[in-house]
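Start at 1 with the first residue, then count along the sequence.
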Amino acid sequence: MRTTLHHHYYIPLIIRTLPSSTMASSSLALSSVSLKILSFTSSDAFNKRIRGFGLKNGKRSRIITSLSGGSQNQTVVLDDTLFIDYKPTSAFLFPGQGAQAVGMGKEAQSVSAAAQLYKKANDILGYDLVELCTSGPKEKLDSTVISQPAIYVTSLAAVEVLRARDGGQQIIDSVDVTCGLSLGEYTALAFAGAFSLHKLMTELLTPSLSLIFSFIPRGAKHGYYGKMQTKTEAADATKSAMVSVIGLDADKVQQLCDAANQDVDEDKKVQIANYLCPGNYAVSGGVMGVEAVEAKAKSFKARMTVRLAVAGAFHTSFMEPAVSRLEAALAATEIRQPRIPVISNVDAQPHADPATIKKILARQVTSPVQWETTVKTLLARGLKKSYELGPGKVIAGIVKRMDKKAEMENIGA
């Protein structure tokens, strides 16, 4: 079957036909899916990439579902280890919270497909995201309630900006792995076709289920762009904070955390929340614990500490109150098998099974971000070229710090 992937929103499923006895004995049958989902075409290059993703024997996580098309039924096996032996050559990397800046999104307005993403987001959110991105004010754009959807949409818009330039579609077609820092993992999953902009914002980010981006959009007429009651609520409830420790290796930062924790109560302790890159690790926890880290940092020979302007202790156990609600949101959200590997922040591995992806996303709330391991693994596996898509150049700086010879290009919007 020969076909062409015109957009990254189309999702291929890798099919294996099972004998009827296997199908009958399975207790993991899922709801049926129309065969129309599979009526896509892929380029020869894409087919070669799929064939190149080997499967390790003995470690298969199989989920069986029937596909109905007319009077015929077929069986598919979704194997979570599908991408386990991925060999990256070209990667899209997406930024997380903190990358926002007033003026982002201006270039995107001159590209029809990119401008349409903002228009759709405006309709879903109930306020003018474009105006906030391009004109601010900065204090509103920097708030979690605005910055996270702003970064998400601007990053996807950057893909469309790239697509519109000469040779852009060829670059997009060449990408065989993607990942994103914290929030950016959701952008990466969207690029890989696991869910759409509309599905993400209406199902995962609705007023009652808005957990990942920590906002409840109800429109400007209801006040400051909605009422906060999600991850930010969980963070505020524990009076937590985050601080970046610069100039120490991971072991030293852990020792610093241990020392700080000796001086505070259990509910104010800290832990490493983000293994960003060598010499730069984020620590999260109770405010008193973070203050203890800041006070002791110089005695551990840290070059400096930087308090981060975020709502609280993300990626730590302090966020546990948000997990069950996030799980409910994910359960109500359709996530499909990505068409290329998406590297998880939790374990620095790609996952193909949608059910596993949901579990991993829920774990991300309380698990440290393994970004350093992700980048090291990509480089070690032979990555040739990376593109940072979206606002800022933080990720490009990280990659270059880990490998000065790494080929990296920033695509803004």
Side-chain angles (χ1 to χ4, degrees), residues 86 88-101 104 142 147-148 151-152 154-156 158-159 162 171 175-189 191 242-254 272-284 302-310 314-316 341-350 364 367-413:
Y86 73 99
T89 58
S90 179
F92 273 6
L93 311 179
F94 295 99
Q97 189 175 358
Q100 71 276 359
M104 69 185 198
D142 284 348
S147 65
Q148 294 201 1
I151 293 165
Y152 173 75
T154 300
S155 298
L156 288 180
V159 177
L162 173 60
I171 292 174
V175 171
D176 50 18
V177 66
T178 183
C179 54
L181 179 61
S182 188
L183 161 73
E185 185 170 339
Y186 291 86
T187 322
L189 284 165
F191 171 74
M242 294 184 73
V243 62
S244 186
V245 180
I246 310 297
L248 297 180
D249 62 28
D251 289 341
K252 279 290 185 182
V253 175
Q254 185 57 58
I272 299 176
N274 191 335
Y275 292 84
L276 194 61
C277 65
N280 190 345
Y281 302 97
V283 171
S284 294
R303 183 153 55 89
M304 63 186 299
T305 61
V306 179
R307 184 73 70 94
L308 302 178
V310 298
F314 300 132
H315 306 297
T316 72
V342 179
I343 311 303
S344 164
N345 281 290
V346 171
D347 59 7
Q349 295 290 332
Q364 195 210 98
S367 299
V369 173
Q370 302 293 337
W371 190 251
E372 180 180 351
T373 300
T374 293
V375 175
K376 282 182 177 179
T377 302
L378 289 172
L379 294 171
R381 284 178 176 244
L383 182 66
K384 304 300 182 186
K385 178 72 179 282
S386 298
Y387 300 84
E388 179 179 10
L389 294 101
K393 298 182 180 180
V394 172
I395 291 177
I398 292 171
V399 174
K400 282 292 188 179
R401 180 167 181 168
M402 296 175 70
D403 184 354
K404 292 181 179 179
K405 296 181 180 179
E407 191 174 354
M408 186 85 201
E409 181 179 348
N410 179 266
I411 309 295

- Can you tell me how far the CD1 atom of I398 sits from the CG atom of D403, to the nearest 0.5 Å? 14.0 Å
- Item | Considering all heavy atoms, the nearest N410-G392 contact | ND2-O, 2.8 Å
- To the nearest 0.5 Å, atom OG1 of T187 lies from atom OH of Y152 at 6.5 Å
- Evaluate the side-chain proximity of I343 to P350: yes if any heavy-atom separation is below 4.5 Å, no if none is. yes
- Is there a side-chain contact between S386 and M408 (heavy atoms, below 4.5 Å)? yes
- Task: Give a yes or no on whether K400 atom NZ has more than 12 heavy-atom contacts from other residues, nucleotides or ligands under 6.0 Å away.
- Result: yes
- Task: Show your reasoning for whether side-chain hydrogen bond (donor to acceptor under 3.5 Å, both in side chains) applies to Q370 and D347.
- Result: CA-CA 7 Å; Q370 302 293 337; D347 59 7; over 6 Å; no
- F94 versus V159: any side-chain heavy-atom pair under 4.5 Å? yes
- Item | Within 6.0 Å of NZ in K385, more than 12 heavy atoms from elsewhere | yes
- Just jot down the side chain to side chain contact (heavy atoms under 4.5 Å, CB included) partners of A413, sequence neighbours excluded, or say none. A108, T154, A157, A158, V161
- Evaluate side chain to side chain contact (heavy atoms under 4.5 Å, CB included) for D176 paired with Y86, printing each intermediate quantity in order. CA-CA 9 Å; D176 50 18; Y86 73 99; over 6 Å; no
- Note on the structure: So CZ of R303 and CD1 of I246: to nearest 0.5 Å the spacing works out to 6.5 Å
- Looking only at heavy atoms, what is the nearest atom pair of G98 and I151, with distance? N-CD1, 4.0 Å
- Query: Roughly how far, to the nearest 0.5 Å, is CG of L383 from NZ of K376?
  - Reply: 15.5 Å
- Task: Please lay out, stage by stage, how S284 and M242 fare under the test side chain to side chain contact (heavy atoms under 4.5 Å, CB included).
- Result: CA-CA 4 Å; S284 294; M242 294 184 73; 2.9 Å; yes
- Item | Approximate separation, where rounding is to 0.5 Å, of I395 CD1 and C179 SG | 7.5 Å
- Note on the structure: Residues E185 and Q364: closest non-hydrogen pair is OE1-NE2, 3.0 Å
- Message: Checking the side chain of Q100 only, and the main-chain atoms of S147 only, is there a donor and an acceptor separated by less than 3.5 Å?
- Response: no
- Note on the structure: OG1 of T178 to CG of L93, rounded to nearest 0.5 Å, is 7.0 Å
- Evaluate side chain to side chain contact (heavy atoms under 4.5 Å, CB included) for E388 paired with K393, printing each intermediate quantity in order. CA-CA 7 Å; E388 179 179 10; K393 298 182 180 180; 4.2 Å; yes
- Item | Reference residue V283; test side-chain contact (heavy atoms from CB on, under 4.5 Å); the match among T316, L308, V245, N274 | V245
- Item | Side-chain heavy atoms of F191 within contact of V175, under 4.5 Å | yes
- Query: Is it true that the side chains of S244 and N280 contain a donor and an acceptor less than 3.5 Å apart?
  - Reply: yes
- Side chains of P95 and V394 in contact at under 4.5 Å (non-hydrogen atoms): no
- Query: Looking only at heavy atoms, what is the nearest atom pair of E372 and M402, with distance?
  - Reply: O-CE, 3.3 Å
- Task: Taking N345 for its side chain and L181 for its backbone only, find out whether a donor-acceptor pair lies under 3.5 Å.
- Result: no
- Which heavy atom in R401 sits nearest to a heavy atom in G279, and how many Å separate them? NH2-CA, 3.7 Å
- Message: In terms of relative ring orientation, are Y387 and F92 parallel, tilted or perpendicular, with 30° and 60° separating the classes?
- Response: perpendicular
- Distance only, no hydrogens: is a donor on one side chain within 3.5 Å (strictly under) of an acceptor on the other, for Q254 and Y281? no
- Contact summary for A273 and H315, nearest pair of heavy atoms: O-CB, 3.6 Å
